[in-house]
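In what follows, a single structure is set out as structure tokens and then discussed.
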Amino acid sequence: MASEPEHNFLTASYSLDLSTEHSVTRRSLLQSPWFQRLFGDRFQLAGDRNQVAQYANDRRGQMIATSVGATTMGRGCDTAILDDPVSADQAVSDAERTTANNWIDATLRSRLNDPAKGAIIVVMQRLHELDATGFLLEQEPGV
């Protein structure tokens with residue numbers, strides 16, 4: 001948001017609790033005196049859209065937090081950040097991995113405002129050959 005305040009982010013994790021915790025931490029950083037001293041002239045958080053799991057700024061940028069499997073209807077992003085799409089316990093379950101991978105493929109990809117320019121960033125530890133990283137590498141080898 002500091003370099004492109006109009007940028008839209010969607011963040012997701014295996015649980016809404018974890019996604020919300022990360023969202024609160026990000027918002028606290030954006031409101032911190034340190035951040036405001038460095039970047040406060042570039043944007044301000046909008047007072048009418050300042051919730052735990054979704055907040056926007058006065059330059060039309062926003063951060064949305066959700067969880068894998070949740071609906072994101074009507075919400076788009078320029079960058080999607082997927083942090084731990086499955087927990088260590090879920091990774092051993094074929095059904096849980098498949099659910100997460102299907103959500104990435106069918107839902108998360110469709111949330112990019114411009115698929116040619118948008119990005120999906122995956123942050124996770126490898127837990128299984130067919131976890132989200134393995135799935136994405138299989139879908140798009142060489143990327």
Side-chain angles (χ1 to χ4, degrees), residues 1-32 34-36 38-40 42-143:
M1 274 194 167
S3 62
E4 294 179 33
E6 67 283 356
H7 206 82
N8 290 292
F9 295 89
L10 185 139
T11 62
S13 186
Y14 67 87
S15 79
L16 187 55
D17 285 345
L18 183 59
S19 294
T20 301
E21 181 181 328
H22 290 166
S23 181
V24 169
T25 301
R26 277 190 302 275
R27 186 176 63 182
S28 293
L29 174 66
L30 294 172
Q31 294 175 319
S32 73
W34 171 83
F35 188 92
Q36 288 299 308
L38 293 172
F39 306 109
R42 298 182 186 187
F43 69 90
Q44 295 297 312
L45 291 180
D48 62 340
R49 292 268 308 268
N50 191 356
Q51 303 167 2
V52 172
Q54 181 178 3
Y55 41 91
N57 65 38
D58 59 355
R59 300 279 304 276
R60 301 181 58 116
Q62 68 177 337
M63 296 256 188
I64 299 169
T66 190
S67 60
V68 171
T71 182
T72 56
M73 296 291 279
R75 299 196 170 152
C77 65
D78 302 307
T79 300
I81 302 170
L82 186 58
D83 179 37
D84 290 332
V86 293
S87 69
D89 292 337
Q90 293 170 328
V92 297
S93 166
D94 290 341
E96 294 285 350
R97 284 192 319 275
T98 299
T99 297
N101 292 341
N102 287 343
W103 183 83
I104 292 166
D105 199 39
T107 302
L108 188 62
R109 286 180 193 265
S110 71
R111 298 296 88 211
L112 292 174
N113 291 332
D114 183 348
K117 293 181 181 178
I120 297 175
I121 299 168
V122 180
V123 180
M124 63 176 287
Q125 64 179 339
R126 292 302 308 269
L127 298 166
H128 190 277
E129 190 174 296
L130 295 176
D131 60 17
T133 297
F135 172 75
L136 290 168
L137 288 172
E138 190 176 84
Q139 296 290 311
E140 300 181 40
V143 174

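Side chains are part of it too, since the values below use all heavy atoms of this structure and drop only hydrogens, waters and symmetry mates.
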Kindly indicate whether the side chain of I81, heavy atoms from C-beta on, has any atom under 4.5 Å from the side chain of L10. no
Would you say S23's side chain and I64's backbone share a donor-acceptor pair under 3.5 angstrom? no
key: side-chain contact (heavy atoms from CB on, under 4.5 Å) between Q44 and N57, worked out   = CA-CA 5 Å; Q44 295 297 312; N57 65 38; over 6 Å; no
All heavy atoms of L82 vs all of L108, minimum pair found to be CD2-CD2, 4.2 Å
Taking every heavy atom of S67 against every heavy atom of L16, the minimum-distance pair comes out as CB-N, 3.5 Å
Taken to the nearest 0.5 Å, the spacing of Q36 CD from L45 CG works out to 7.5 Å
query = Are the side chain of T107 and the backbone of I104 linked by a donor-acceptor contact shorter than 3.5 Å?
reply = no
Assess the residue pair E140 and R109 against the criterion (salt bridge (charged side-chain N to carboxylate O under 4.0 Å, His left out)); give the C-alpha distance rounded to whole Å, side-chain angles, the decisive distance to 0.1 Å, and a yes or no.
CA-CA 13 Å; E140 300 181 40; R109 286 180 193 265; 2.6 Å; yes
TODO: Could you go through the side-chain contact (heavy atoms from CB on, under 4.5 Å) check for V24 and V52 one step at a time?
DONE: CA-CA 6 Å; V24 169; V52 172; 3.6 Å; yes
dist T133:OG1 -> E138:CD (nearest 0.5 Å) comes out at 12.5 Å
*Got a donor-acceptor contact below 3.5 angstrom from the R97 side chain to the A91 backbone?*
yes
Next item on the list: Give a yes or no on whether the backbone of Q51 and the side-chain of R27 come within a donor-acceptor separation of less than 3.5 Å.
Entry: yes
For P85 and Y14, the nearest pair of non-hydrogen atoms, with its separation, is O-CB, 3.3 Å
Between the SG atom in C77 and the CG atom in N113, the distance rounded to the nearest 0.5 Å is 6.0 Å
Correct closest heavy-atom pair for T79 and H7 would be OG1-NE2, 2.7 Å
CG (D58) and CG (D48) are apart, to the nearest 0.5 Å, by 10.5 Å
Item checked: Check: N50 side chain, Y55 main-chain N or O, donor-acceptor pair, under 3.5 Å -> no
**Request:** Evaluate the side-chain proximity of E6 to D78: yes if any heavy-atom separation is below 4.5 Å, no if none is.
**Result:** no
Q125 and D84 have their tightest heavy-atom pair at N-OD1, 4.0 Å
So do the side chains of Q62 and F9 get within less than 4.5 Å of each other, counting heavy atoms only? no
Checklist line | Any side-chain heavy-atom pair of R26 and M63 under 4.5 Å | finding: yes
All heavy atoms of A65 vs all of S19, minimum pair found to be CB-O, 3.8 Å
- Quick one: does R126's side chain have a donor or acceptor within less than 3.5 Å of a partner on E129's backbone? yes
Test L30 against F43 for side-chain contact (heavy atoms from CB on, under 4.5 Å), laying out the working first.
CA-CA 10 Å; L30 294 172; F43 69 90; 3.9 Å; yes
List the steps and the verdict of side-chain contact (heavy atoms from CB on, under 4.5 Å) for H22 and T11. CA-CA 9 Å; H22 290 166; T11 62; 6.0 Å; no
Next on the checklist: Is a donor from one side chain sitting under 3.5 angstrom from an acceptor on the other, for R42 and S3?
Outcome noted: no
d(N102 CG, F135 CZ) to nearest 0.5 Å is 6.5 Å
Close side-chain approach of R75 and Q54, heavy atoms under 4.5 Å: yes
If we ignore hydrogens and angles and just use 3.5 Å, is the side chain of D131 paired with the main-chain N or O of L127 as donor and acceptor? yes
Next item on the list: Measure from the side-chain N and O atoms of S93 to the backbone N and O of D89, and report whether any donor-acceptor pair falls under 3.5 Å.
Entry: no
Quick one: does any side-chain atom of Q139 pair with a main-chain N or O of L136 as donor and acceptor, under 3.5 Å?
no
field: Any donor-acceptor pair under 3.5 Å from D114 side chain to G118 backbone
entry: no
